[in-house]
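Working notes, structure below.
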Amino acid sequence: GALATSRSVSGNEAPSTIFLIGSAGEMQMKQGKYPEAEALFLEYIRLNKSMNSSDHPDLQWGYDLLATIYEDWGKPEEATKYRNMAPAPK
């Protein structure tokens, strides 16, 4: 798919690849595929942390969606952990 192509052509740290990782994670979450969504969002967060400041909106989005995944998956402790990692809106 598009993510695999972007990884092979542009590399994992290209902004387009990172965007596609987040989009794929969101799609997996909407389908209830929580383990797959979790793995993609952990990767998305890791890549964003290495490229952006801790208050960057993309990082905030990753934390929020990962927390939502954990809430939907029935893992409230993990959800709270990631909600608390997201910086408060300014």
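These numbers come from a predicted model, not from an experiment. For the numbers below, each heavy atom of this structure counts, side chains included, while hydrogens, waters and symmetry mates do not.
The CD atom of Q60 sits 11.5 Å away from atom CG of N48, with the distance rounded to the nearest 0.5 Å. L66 contributes atom CG, which lies 9.5 Å from atom CZ of R83 (distance to the nearest 0.5 angstrom). Note: I69 CD1 to L42 CG = 8.0 Å, rounded to the nearest 0.5 Å. In this structure, CG in L47 is found 5.0 Å from CD1 in I18, a value given to the nearest 0.5 Å.
Between Y63 and Y82, the two ring planes are tilted [angle within 30° to 60°]. Using cut-offs of 30° and 60° on the angle between ring planes, the pair W73 and Y70 is parallel.
Contact check for E71 versus T80: no side-chain heavy atoms found under the 4.5 Å cut-off.
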Enumerate donor-acceptor pairs with a distance under 3.5 Å from any side-chain N or O in residues 19-33 to protein atoms, sequence neighbours excluded.
residue: S23; atom: OG; partner: F19; partner atom: O; Å: 3.2
residue: Q31; atom: OE1; partner: K33; partner atom: NZ; Å: 3.2

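Contact detail for H56 and D58: the closest heavy-atom pair is ND1-N, 3.0 Å.
Judged as a salt bridge (Lys or Arg N to Asp or Glu O under 4.0 Å), the pairs with a partner in residues 35-46 (not counting sequence neighbours) are, in order, R7-E43.
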